[in-house]
Amino acid sequence: MTSPNLFKAFQGVVKSIVEELAAQSLLPSGLDLTRVVVEPPRDASHGDLATNAAMVLGKPAGKPPRVVAELIAERLSARSDLGVVDVRIDGPGFINIRLEPAAWHASLADVLRAGERFGDSDSGGGRRVNVEYVSANPTGPLHVGHGRGTVVGDVLASLLAKAGWSVTKEYYINDAGAQVDVLGRAVYLRYCQAAGREIGEWPEGVYPGEYLIPVGQALLAERGEVFLDQPEAVWLPEVRLFAVDKMMDLIRADLAAMGVRHDVFSSERRLVEDGAVERVLADLESRDLIYTGTLEKPKGREVEDWEPRPQTLFRATQFGDDVDRPLKKSDGSGTYFANDIAYHWDKHRRGFDHQIDIWGADHGGYVKRMRAAVTAATGGAATLEVRLCQLVNLLDGGVPVKMSKRAGRFVTLRDVVDEVGAGVVRFVMLTRKNDAPLDFDLQAVVEQSKDNPVFYVQYAYARASSVLRHAAEARPEWDLSEAGLAAVPLASLTDEAELGLIKSLAGWPRIIEAAADAHEPHRIAFGLSDLAAGFHGVWNRGRDDAALRFIVEGDDATTQARLALVRAVKLVIGSGLTLLGVEPLEEMR
RNA sequence: GGCCCCGUAGCUCAGCCGGAUAGAGCACUCGCCUUCUAAGCGAGUGGUCGCAGGUUCGAAUCCUGCCGGGGUCGCCA
């Protein structure tokens, strides 16, 4: 289901004009129109819409851009039915189009009629895409760094859904590696403590996390003392399972507090037990993509006790990686990489040929091999895109918050959510593009000032709500719903700032589309800030000049038209915030 | 040493997968303000887009090589 998109509509018009010209032999036929776009000009003084058609088509058409521009411009000028009032050719061959105010009024009504659907598109065409994010090890609560990937993945998923993709949100549970053994041992110690045993000094390399105390107690309550004084081989398998279960409960609760809900949780252990890893490796082997070889020692970096040894290797270099990668540990079990190949292959088997993973930047060195493996394992049918999230620096009033795992002092994501709210966390995580480091200042993010983008956007929404509340009180007989205001005459919206705001609203679908195409959810947050700035600007004009206020005593027509604009602003900002998973605030308190 | 990311105004960052005199916020300077929602408003100063080549009608954007910062580098995940 698509919604109105003025720029797309004009793009279609320009293309059909080119085809028309071709049909009349004024231009060659069969020109490639994929690069023809209609967009807002960089400078509003150039016009309302601009197209690069003449510059893109000049060369293939064998004519100077300005000649092509003349041909197109002439026909565009004739389209008064679309509200075109002026067309001119500028610069190297841009065609700038100006629309009459009535066209913008119509576009405002379109926004209101589209409602929540405004900005939807069908560019995904219903194709399936899998977004895997968070996937933190099930060994403890989520920390702030996880929070960033969580938000980026979650909003990307929403964005793709809005752009017409069929999205599955997935979490990969790393419950098969050595760290869950470590977790199991830690929980066992807590269990012994719960049973009143003295355990002496806490062993090296075992999580001392206090959050494991209740897990040990729960284990005791559930299973009694059966594991006491038993060798590890007896208790570890069960304790490990128990512990992972509890940790996932913890993580799910953290995610719920952020408003995140995955569709699928996939277990690494399950994949291994089901033989998926063996099957994938066998398949790769049958295609001669696995061999036994010895890797060279990495240069320029000291590796302790390095010694050449033969390993089972995947021919990653055949698929663009820099070296071949090991698939088996010395004990014969699969490496994390081997299991991960099976996992991504499994996603492909489940019907996902578009896969997106959100990882921390520290896994950057892993991207090439994983993409190589996906290509190899699926015979090129599936593609993997990895988006890396840089570090989050947690600050408190400009001072870095010291986190030390050893001292047991680290701030969890939940701590932050409880302190500033999920909405604030979600928005702030998108105030930087994903591959740039992000400062998260606990004080700054709750500051009520223009410097704080979360506040600034919420305030715009609250102001719009407030104006509508006032209007509803003053004129209870008016229909101030989106549908109601869509039907109101808008001719009195003639102020330039008002028209500018309408133009910004009309451009909203472009922002969503660009963000979805580029897989960059932060663009929504930036777009919202711009919209909010536009609205605050219009609002502020009413300070100096009472005639420019939204509610004008004694002028119902103007008031209603302006309320339509306010309603549309509220609609778009509200839907943008919702897209980010941030609840819009009706009033600031 | 290899690979990945980053380098845009004094600071923090945008820049729509090549376009028209490169944008915003903060800071600074100068005015205004006490308001339908208060936690201000308007204007101005300010940039060799790290450096050097290349691709073309056109490059902050694409390619190559340097410089600087961060991450990462066999049986951890």
Side-chain angles (χ1 to χ4, degrees), chain A residues 35 37 39-43 46 50 52 55-56 58-59 64-65 90-94 96 135-137 139 174 176-180 268 294-301 303 306-309 311-313 321-337 339-340 360-368 386 388 390-391 431-437 439 447-453 455-456 459 462-463 465-467 469-471 474 507 510-511 513-515 517-518 520 522-523 526-527 529-530 533 536-537 539-544 546 549-553 587-588:
Chain A
R35 288 178 57 214
V37 294
E39 54 193 0
R42 178 166 297 246
D43 189 333
H46 290 127
N52 61 353
M55 292 179 291
V56 171
K59 196 172 209 177
D90 289 311
F94 283 101
N96 290 316
S135 298
N137 290 329
T139 53
N174 299 127
Q179 17 197 0
V180 291
E268 179 184 8
T294 306
L295 291 176
E296 279 178 37
K297 180 176 178 178
K299 290 174 184 169
R301 184 176 147 274
V303 182
W306 168 274
E307 51 185 68
R309 67 175 61 120
Q311 289 177 291
T312 304
L313 300 172
D321 201 356
D322 310 305
V323 290
D324 292 336
R325 305 291 182 175
L327 294 167
K328 290 195 173 168
K329 303 182 197 172
S330 45
D331 68 0
S333 66
T335 57
Y336 177 80
F337 178 48
N339 294 354
D340 223 357
D362 54 339
H363 289 59
Y366 200 74
V367 174
K368 276 192 182 183
V386 180
L388 299 176
Q390 274 291 348
L391 293 178
T431 53
R432 284 293 104 94
K433 60 185 170 199
N434 58 286
D435 47 14
D439 286 344
E447 209 167 89
Q448 302 210 329
S449 79
K450 195 178 177 181
D451 314 348
N452 178 1
F455 170 77
Y456 195 60
Y459 187 28
R463 267 185 165 170
S465 303
S466 166
V467 172
R469 273 198 306 273
H470 280 271
R510 301 183 74 248
I511 293 178
E513 186 182 291
D517 287 353
E520 290 183 349
H522 73 276
R523 293 190 190 194
F526 282 90
S529 294
D530 289 345
H536 287 309
W539 193 94
N540 284 322
R541 288 164 65 86
R543 275 173 198 256
D544 302 328
R549 294 186 178 184
F550 297 118
I551 297 171
V552 187
E553 291 288 335
E587 52 188 342
M588 310 302 286

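Letters A, B, ... are given to chains in the order of the sequence lines, protein chains preceding strands, and every chain is numbered from 1. Note: hydrogens, waters and symmetry copies are ignored here, and every other heavy atom, side chains too, is used.
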Touch check for [X], heavy atoms < 4.0 angstrom, all strands: base, sugar-phosphate only, or nothing?
X      : answer
A:A546 : nothing
A:E447 : nothing
A:N452 : nothing
A:P64  : nothing
A:A462 : base
A:D43  : base

What distance do [X] atom [atom1] and [Y] atom [atom2] have between them, rounded to the nearest 0.5 Å?
X      : Y      : atom1 : atom2 : result
A:D439 : A:T431 : CG    : OG1   : 9.0 Å
A:F550 : A:W539 : CZ    : CH2   : 8.5 Å
A:Q179 : A:T139 : CD    : OG1   : 6.0 Å
A:T312 : A:L327 : OG1   : CG    : 7.0 Å
A:T294 : A:Q311 : OG1   : CD    : 7.5 Å
A:Q390 : A:R432 : CD    : CZ    : 13.0 Å

Next item on the list: Starting at the 5' end of nucleotides 66-77 of chain B, put B wherever the base has a protein heavy atom under 4.0 Å, S where only the sugar-phosphate does, and a dash everywhere else.
Entry: -----SSBBBSB

Note to self: One character per nucleotide, please: for nucleotides 9-16 of chain B, 5' to 3', B when the base has a protein heavy atom closer than 4.0 Å, S when only the sugar-phosphate does, - otherwise.
What the structure shows: ---SSSSB

Rounded interatomic separation in angstrom, taking [atom1] from [X] and [atom2] from [N]:
X      : N      : atom1 : atom2 : value
A:N96  : B:rG19 : CG    : C1'   : 12 Å
A:D321 : B:rC4  : CG    : P     : 10 Å
A:E587 : B:rC36 : CD    : P     : 17 Å
A:L388 : B:rC4  : CG    : P     : 12 Å
A:D322 : B:rG1  : CG    : P     : 16 Å

Of all the heavy-atom pairs spanning [X] and [Y], show the shortest one and how long it is.
X      : Y      : result
A:E268 : A:Y336 : OE2-CD1, 4.0 Å
A:L295 : A:P326 : CD1-CD, 4.2 Å
A:N52  : A:R35  : ND2-O, 3.2 Å
A:K329 : A:T335 : N-CG2, 4.0 Å

Next item on the list: Taking salt bridge (charged side-chain N to carboxylate O under 4.0 Å, His left out) as the test, write out the residues that go with A:R549, two or more places apart.
Entry: none

Please state the [atom1] separation for the pair [N] and [M] - nearest whole angstrom.
N      : M      : atom1 : answer
B:rC28 : B:rG10 : P     : 16 Å
B:rC51 : B:rU8  : P     : 10 Å
B:rC17 : B:rC32 : P     : 44 Å
B:rC11 : B:rA27 : C1'   : 7 Å
B:rU61 : B:rG19 : P     : 11 Å
B:rU45 : B:rG25 : P     : 14 Å

Checklist line | Partners meeting side-chain contact (heavy atoms from CB on, under 4.5 Å) with A:D517 (sequence neighbours left out) | finding: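 Result, side-chain contact (heavy atoms from CB on, under 4.5 Å) vs A:D517: A:S123, A:E513.
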
Next item on the list: Report the residue (A:R35 or A:F550) whose heavy-atom-nearest nucleotide on RNA chain B is the more 5′ of the two.
Entry: A:F550

Next item on the list: Identify whether the distance between the nearest side-chain nitrogen and carboxylate oxygen of A:K433 and A:E520 falls below 4.0 Å.
Entry: no

Checklist line | Under 3.5 Å donor-acceptor pair, A:R469 side-chain atoms to B:rU37 base atoms | finding: yes

Polar atoms only, N or O, under 3.5 Å: list the protein pairs with nucleotides 39-42 of chain B and their distances.
from, atom 1, to, atom 2, distance (Å)
B:rA39, O2', A:Q448, O, 2.8
B:rA39, N7, A:Y459, OH, 3.3
B:rA39, N3, A:Q448, OE1, 3.0
B:rG40, O2', A:R543, NH2, 3.1

Check: Mind checking whether A:Y459 and A:F455 have parallel, tilted or perpendicular rings, split at 30° and 60°?
Finding: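 The rings of A:Y459 and A:F455 lie parallel, inter-plane angle below 30°.
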
Notebook entry, point to check: Taking only Watson-Crick and G-U wobble pairs with both distances under 3.5 Å, what dot-bracket line describes RNA chain B, where [ ] shows pairs that cross earlier ones and | shows pairs with another strand?
Noted result: (((((((..((((.....[...)))).(((((.......))))).....(((((..]....))))))))))))....

Item checked: Non-hydrogen side-chain atoms of A:P92 and A:F94 separated by less than 4.5 Å -> yes

